[in-house]
Amino acid sequence: MFDTLKEIHISDIDIKDERYRISSESENIAFLARSIKEMGLMNPPVVRPMNDGKFILISGFNRIKALQYNNESKVRVRPTDTEIEDYHCLLFAVAALAFRRPLTQVELIISVKRLSRYLDRENMAKMSPAVFNTQLAQGFIDDLVNIGSLPDPALELIHTGQLSLKSAKRISHLDMDAISFFLDIFSKIRASASVQLELIQNILETAAREGVHPKSLFQELNIPDPLDDETADMTVRTHCFRTLVFEQRYPVLSRTRQRIQDKIASIKLPGTIKLIPSENFESRKYSISFTVKNHDEFEKNIQHLTDALENKTLREILDS
Amino acid sequence: MDNSLPLDDEADYLVSKIRLEPQRIQDSGEVYDFINHSDDPVSLAKKTLYITQNKGALIRNCPGTCHYTCCDYTILHTGTFCTMDCSYCILQAYFHPPVLQYFAGFEPVRQALQAVFLENKIFRIGTGEYTDSLIWEKVSLMPEFLVKTFARQKNSVLELKTKTVNIESLLSLDHNEKTIIAWSLNTPEIIRSQERGTASLTARLEAARQAESKGYRLAFHFDPIVIYPGCEEQYKNVIQKIFEYVRPETIVWISLGTFRFMPGLKSVMEKRFPASTLCYGEFILGLDNKMRYFKPLRIHIYKEMIAALKTYAPDVFLYFCMEDEEVWEKCLDFFPKKQGELGRLLDRSAAGHCSLNKAFL
């Protein structure tokens, strides 16, 4: 499959042809360039000879870029034989990277998606230890292929952590308008994986309940979209959006929570005392707690609670 | 059909009604595997009847959950699953896999019931917990056998719960007031959209009228009550309609229970009933780890329905299926707090309506 090492001109490599590129481009290759300069090129790039005497890269994209950075004109490469098939080049590109370091999620998605042109999921799962340096289950391969079919900027969002694999999988089963709608949302917020799933579920369920398409949910309910406020900080925007979505999904529960919180606040208990209703008000039980450092503080808190006994709102809360 | 079952009169009747040659099997695992290997085990299970014997307990207590008040019902386990297809049916997620089983054999049932009939207490016994009591009436003599068996004693009532109108074979029986035929009711909108293959509301009430005319005692169960825009008026219309068909005096009890479900049911519903939005209401995780409507919503619909029920039938015994103290107090102004108190109230109503021995109360 491979010929012996050969020195070629870097200019003979068509570096724009990235058909076998799996890794994302390093933003800063200065360290790699310096390493090559001081210690030499330890792993020669692998290239595929083309009929016109030029080469395309199978692995070593960043190394070639680093050599260019060092103004090198030649490089020792490992060429494949000329008859090699596309499929084998791709297998080698994936394996070369996977056995050097664990693939990132995006690299895994790209690899699986491209290999799915040549392999069904059963065979890919069988070959996965040798190619991916890990065992991939058939179901997971299916998921990755589906995620790999998502439009831009899905992979970018996965790369930046704004879209988890689980969320990507969830939206991959939706229609294209809904997919674009969710990708737009996740490009404007930064939420944990569990919050992402909560948002997707709440939006889909509210839309289903209202009989509207998710993308027109906010217009249909006549709600200003908090994501349109580009002046807001991303964390604030995420929090506002999550709250708004929850309020649409659980309107009565949200209003009740707010009303009780307002009532508790109106009692004006000191910050050391917490009055907390039961989760979702299913139980009638409230918990009252305070923390103290000494007996004096204990006495003060007891006094505050004794004073609160006269408060009508407290009675209203506890006896409602 | 279980290979060990004899082809006696009961089995012969069943097979003749189904009009299919049964396939004899050695091991119930064959049925489970057959159903489990389907892409849609629930749908396949509804079309696959397994005639077998009940190898477990025939008489069981209702599996009520903690924190919510149970009616202390007794279950007579004569079959499992259902041929009708309600989107919200918990049996879809309760059995793994669901199997439509008919438990053949009158003798074990007779023996189990005889032991119950000898006790000095009231029993409310139903066959409608793990199946619809009367889907079997078209193919089996079991409902008829049960009505006749219960007619000969004085401490137990049989409650046959159904969404069908399959009462024809029961109408001419001497039931001695010991059988309550109960219909699960819902609004026409919910019946049409969520209760595939069930009888219409009008048909159910017409059947109730027929049963009443033959002296049967009746019960109605609003369970699950589904909350949706305009549901209050629609449930009130159903309530009004009940009393256009039957007299309040013949109704032993009416229960109310809003839709609640094990979390696992949601994915089954989404897969099997993609058009259903039932589980997208305001559900919270209840204290028994089932999803329930947010409590103020439950209280609101209960109050509306109870007010309507009281208008038409002020003396009919109303109760909640699996609700807590707050709901009872706010909606019915009392709470059966003591262990077994709700059961005793239901026993009292059964004894009054069904001529049971009141000394057992």
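Numbers restart at 1 for each chain; the letters A, B, ... are given by sequence-line order, proteins then strands.
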Next item on the list: May I ask you to name which of B/Glu270, B/Glu282, B/Glu325 has the most heavy-atom pairs under 4.5 Å with chain A?
Entry: B/Glu282

Check: Looking at the rings of B/Tyr88 and B/Phe261, which for Trp means the six-membered one, are their centres under 6.0 Å apart?
Finding: no

Item checked: B/Tyr235 versus B/Asn186, side-chain donor and acceptor atoms under 3.5 Å -> yes

Margin query: Heavy-atom cut-off 4.5 Å, strictly under: side chain, backbone, both or neither for A/Gln201 against chain B?
Written below: side chain

Notebook entry, point to check: Side chain, backbone, both or neither: which part of A/Thr256 has a heavy atom under 4.5 Å from chain B?
Noted result: side chain

Next item on the list: Could you verify whether a donor N or O on one side chain and an acceptor N or O on the other, from B/Ser43 and B/Arg272, lie under 3.5 Å apart?
Entry: yes

Checklist line | Distance-only side-chain donor-acceptor flag, B/Tyr280 / A/Glu210, under 3.5 Å | finding: no

Next item on the list: Please confirm whether B/Phe283 and B/Phe259 have ring centers closer than 6.0 angstrom.
Entry: yes

Margin query: At a 4.5 Å cut-off on heavy atoms, which part of B/Tyr228 comes close to chain A: side chain, backbone, both, or neither?
Written below: neither

Note to self: On the six-membered ring of B/Phe81, is B/Lys46 placed so that its NZ or CZ lies under 6.0 angstrom from the centre and within 45° of the ring axis?
What the structure shows: yes

Note to self: Taking 4.5 Å as the heavy-atom cut-off, does anything in residues 294-303 of chain B contact chain A, and if so which residues?
What the structure shows: B/Phe294, B/Lys295, B/Leu297, B/Arg298

Next item on the list: Return yes if a side-chain donor-acceptor contact under 3.5 Å exists between B/Ser184 and B/His221, otherwise no.
Entry: no

Next item on the list: Would you check if the side chain of B/Arg260 reaches a backbone N or O of B/Thr258 as a donor-acceptor pair within less than 3.5 Å?
Entry: yes

Item checked: Those residues of residues 150-174 of chain A, ordered by number, that approach chain B below 4.5 Å (heavy atom to heavy atom) -> none

Note to self: A cation-pi test, strictly: NZ or CZ of B/Arg292 under 6.0 Å from the centre of the six-membered ring of B/Tyr68 and no more than 45 degrees from its axis. Yes or no?
What the structure shows: yes

Notebook entry, point to check: Does one side chain, of A/Asp262 or A/Gln258, offer a donor that lies under 3.5 Å from an acceptor on the other?
Noted result: yes

Checklist line | Between B/Thr69 and B/Asp324: side-chain donor-acceptor atoms closer than 3.5 Å | finding: no

